[in-house]
Amino acid sequence: MKTAAQPWQAVIGLEIHAQLSTASKLFSGAATAYGADPNTQASLVDCAIPGTLPVPNREAVRKAIQFGLAIDATIARHSVFARKNYFYPDLPKGYQISQYELPVVGAGRLSVRVDDGRTIEVLIQRAHLEEDAGKSVHDAFHAETGIDLNRAGTPLLEIVSAPVMHSAAEAVAYMRTVHTLVRWLGICDGNMQEGSFRCDCNVSVRRSGDTQLGTRTEIKNVNSFRFVEKAIEYEIERQIRALENGDSIVQETRLYDPTRHQTRPMRSKETADDYRYFPDPDLPPLTIAEADIARERTALPELPQARRVRYVTELGLPEADADQLCSDRATADYFEAVLAALPGQAKLCANWVLGEVAAKINEAVIEISAAPVTADGLAQLLTRLREGSISGKIAKDVFAAMWNGEGDADAIIQARGLKQISDTGALAAAIDAVLAEYAGQVADYRNGNEKLLQFFVGQTMKRTRGQANPQQLNELLKQKLAGN
Amino acid sequence: MSLDHAAVRHIARLARLAIADDQLESLRSDLERVLHLFDDLAAANVNHLAPLAHPHDQTLALRDDIVSEDDRSAQLLALAATAQGGYFLVPKVIE
Amino acid sequence: MNPVSIASISAELAAQRVSALELTDQALARAEHAAALNSFIRLDADAARGAARSIDAMRANGSDLQPLAGIPFAHKDIFCTRGIATTCGSRMLQNFVPPYDAHVVERLAQAGAVSIGKTNMDEFAMGSSNESSAYGAAANPWDHTRVPGGSSGGSAAAVAAGIVPFATGTDTGGSVRQPAAFCGITGLKPTYGRVSRYGMIAYASSLDCAGVLARSAADCAVVLDAIAGFDARDATSVERPGERTAAALSQPLAGLRIGVAREYFSGGVQADVADRVHAALRELQRCGATLVDIGLPNAHHAIAAYYVIAPAEASSNLARYDGVRYGHRAAQARSLDELYSLSRAEGFGAEVQRRILVGTYALSAGYYDAYYLRAQKVRRLIAEDFATAFAGVDLIAGPTAPTTAFRIGEKSGDALAMYAADVNTVAVNLAGLPAISVPAGFADDGLPVGLQLIAPAFAEARLLNAAHQLQQATDWHLQVPAGTP
């Protein structure tokens, strides 16, 4: 929203925390599964029992490399785990193992499509590995806070953007793009309700045209796209109001209150944190061999952006369809599997995947990978539609039956006798019967009332219980009405 | 390097160590003497050197992503002075 | 009675002329008898007798046993022992009963050695006199008014007093070698990473090293072979094909070049200490070694670098003691802040608090570059000094400590004087090298003097062989304090 009419410009940078989908924690062999009873997934290491030591998870490192390659970043051949020192009850060691001066993923970039149709390039400064903290439970006890260390040590990839976004809409579009990418790569399940994907928003405002950044505030731990949008909008407005009133902005950490759509200063955080970062003496530098990077590069899937472009340029799909299909890799893969059986029918396939399939999936609140109608199953149905065995309307009924588990398309068509009557003899017999029944209307038609054709089509369809091939029916009817 | 009482309080606060007022001065002079020892670092000619954080040029060994730990919550919670309902307890924290 | 070697005790056990239970009972009785030394924080008589009986049963069944099977020993109370309180010499961990065994504890249990208890130590291994222990100072068996050294003071005293043939220790800045020197025994600090730190309560992680205190280099070798080796639970543990040091102790010293570091004899080194060390070096010369005068020009910077780096790491390592999950919890805490600051102020002693504050300061905003970062650069300077020297010599030698054991209380008011005395040992930890302190006779005051030998990384076999050859030619290591059984 950089227009001359607007005296203020917002500057936004996001720190996204993506929980890497590993079986075990970043530095211990404890499980990372969500929702276990408190502290049942806290190992001796996670509990910071004296004498225990961290040993990093190879898979977490691999996933960080994959992300780095996907944003075209440099992968550090040597990176360093550092300790971030602060006291908090859900931080058992009194420090978080993170990366500071030398992160595993260096600068990269991501192309982001904003809702208004613009595409912006977002610079990602770095992405680093770090361990998550545990959880504090504030409401379960009277005068105490309960500490659950199940989440402590879960691997996170912190993805730090440059402060290059200027509206809540841009920030949300960027966050969605990262969300799609990490799920696409299979490195994060993206489950925001469970906190697998959450974000800290750094927000400042400045006079339009200023080159220096204003004082920023950090809104911690926002875990939905809508909340990010609301929180940033609120914060921009709050800061502008304050500055226009002649107040200054205090650099502080704030929390978003989703019930009031407001942000407020966080009380438990000290204003002047001094984290005393230093290289973790328990962990020598992380060295990544060129060969390992090359292997990950080769194994990298086609990325959402490349695929979206291909769908538009090679398959001729509208941009909106391409966007939707590429919002998630399983959907795009499903689409391509259907398309493989129906070459040249991209639009038909896209319509079905984004129409019938998407509707059913949303209704059932499941992932496309769990859909009862597989891509092969849909391909069979669409093949029958294409060859004219069934009509579009019948196809939708068959699809619904397939979804309900009544069998594959052919079996349902067969069992319900839904196959179109394309047999000229059978169709002719049905037409003859109709014309005989409505001799008066036949005479009217022959006297020039051609509108009656639809009446005969309807009657014949009724007689064939909808199974007549409509095109064939039309032609035969015209012949018979004209000929004899 | 000289150290005042405010600086000692600040460090003690960072380190979460309670200091009684009557300890403050002796602690201050103690720390100041230790810090004088460090003046020697400025005398070493190290501008050309990279810092050494680990004694050997080691590569970090990684582990496979395998769940190897069972539920040990009963054992771990038993070590704590205060635990209830599977949680460790601390005085109420307000965020 | 002359001290007996692990090999000879092992032979007696193998021949079933003595049982593990008899040896264990004997060690326990000696520990009781020498209670005035305060060398143990706890004795575990029942567990020890149980372990000894099972070794005896295995032997009776004809099982193939390792050289340490049935030999009583003691663990420094810094090693986590499952089900047995591990205090680290601190009030903070007075009631801490670890749910697991340290790597070193596992290895020695697997070897069949019988732990009789946990030895006294400076709190969290921070000290050079054993006086910072929350469980009282330990005494030196040669003179009960003197310190045994530290931080592994209890282990050194227990071995010197003949209670056990060996004990485990840890060495972050000299904590095995200096007490070994003060107590007239042999103390080995292996290469950093040679022995897993898993289960060893951390003081300064990039310097901490498990070590051995014993009568002789040969005994140290047997124990080292049992505890060394790669451990996947410690990311700084080093993967090296197993070198058996005990089997490589009969190499002649002809051709061995020993660098005599002139800096190690300068400054505050007592003249008679320097004299005894030179005498020991002449013995090595008689064994065939060549003495080479060398310089370690940056040796004097080691104290400053060490006393920045070790407290910096400690300030972070000891942040976990917050009263929440284990350890001392202040009874009066009404808020989270009070829980932290009171639990820690009550649980930690003065020296530990001092080092936490110094370390916090060295890492804090505005001071990191001048202190921590600069200290890490000096650390490289010191490591490079060693590398340069080792291009021309095979071992480096000097006095382990500048003086003999000082009096209990003599330096307790003066932290800086205590720190300065670590000048010859801390550089070795900064560079991660192996070193050994071996007895080199007695100073004019009748107290033991230690010779320190330093080797390049992973050259423990060379180091132990040289020390063993010296001990084959001399009898200083066979001397025991009056009244030793």
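In what follows, chains carry the letters A, B, and so on, assigned in the order in which the sequence lines appear, proteins first and then strands, with residues in each chain numbered from 1. Values reported hereafter were calculated over all heavy atoms of this structure, with side chains retained and with hydrogens, waters and symmetry mates removed.
Looking only at atom types and distance, the side chain of B/Arg72 has no donor-acceptor partner in the side chain of A/Thr40 under 3.5 Å away.
B/Phe88 places a side-chain heavy atom less than 4.5 Å from the side chain of A/Leu149. Using a 4.5 Å cut-off on side-chain heavy atoms (C-beta onward), B/Val93 and A/Ser136 make no contact. A heavy-atom distance below 4.5 Å is found between the side chains of B/Tyr87 and A/Asp148. In this structure, the side chains of A/Arg276 and B/Leu14 come closer than 4.5 Å at one or more pairs of heavy atoms. Side-chain contact check for A/Thr145 versus B/Leu89: every heavy-atom pair is 4.5 Å or farther apart. Annotation: side chain of A/Ile49 is in contact with side chain of B/Leu79 (closest heavy-atom distance under 4.5 Å).
Within the model, atoms CG of A/Leu44 and CG of B/Leu76 stand 5.5 Å from one another, a figure rounded to the nearest 0.5 Å. Distance CG/A/Leu286 to CG/B/Leu62: 6.0 Å, rounded to 0.5 Å.
B/Thr59 contributes no side-chain N or O that, together with a main-chain N or O of A/Thr287, makes up a donor-acceptor pair within less than 3.5 Å. Of the possible polar contacts, one joining the B/Lys92 side chain to the A/Phe141 backbone as a donor-acceptor pair under 3.5 Å is found. Using modelled atom types, one side-chain atom of B/Asp65 and one backbone atom of A/Ser24 make a donor-acceptor pair closer than 3.5 Å.
For B/Ala83, no part lies under 4.5 angstrom from a heavy atom of chain A. Only the backbone of A/Asp280 comes within contact range of chain B, with heavy atoms under 4.5 Å apart. Using a 4.5 Å cut-off between heavy atoms, B/Ala74 does not touch chain A at all. Using a 4.5 Å cut-off between heavy atoms, A/Ala143 touches chain B through its backbone atoms (N, CA, C, O) alone. Contact of A/His142 with chain B is made through the backbone alone, with heavy-atom distances under 4.5 Å. Looking at A/Val137, only its side chain comes within 4.5 Å of chain B, counting heavy atoms on both sides. For A/Phe278, no part lies near chain B; criterion is any non-hydrogen pair under 4.5 Å. No part of A/Leu20 comes within reach of chain B, as not one of its non-hydrogen atoms sits under 4.5 angstrom from that chain. Proximity to chain A (any heavy atom under 4.5 Å) is shown, for B/Gln84, by both the backbone and the side chain. At a 4.5 Å heavy-atom cutoff, the contact between A/Val61 and chain B is made by side-chain atoms alone. If you measure heavy-atom distances from A/Pro89 to chain B, the contacts under 4.5 Å come from the side chain alone.
Ranked by heavy-atom pairs under 4.5 Å with chain B, the list A/Ser43, A/Ser28, A/Ala140, A/Ala60 is led by A/Ser28. Interface remark: of the candidates A/Cys47, A/Pro279, A/Gly94, A/Ala42, A/Cys47 forms the most heavy-atom pairs closer than 4.5 Å to chain B.
Pairs of residues two or more places apart, or lying in two chains, that qualify as ring-ring contact (aromatic ring centres under 6.0 Å, His included) and include a residue from residues 45-74 of chain B are B/His56-C/Phe458.
Heavy atoms only, all atoms of each residue included: A/Pro38 and B/Ser73 are closest at O-CB, 4.4 Å. Across every non-hydrogen atom of A/Ala30 and B/Val67, the tightest pair is C-CG1, 4.4 Å.
Listed by chain and residue number, nothing satisfies the ring pair (Phe, Tyr, Trp, His ring centres under 6.0 Å) test with A/Tyr95 (two or more places apart in sequence, or in another chain).
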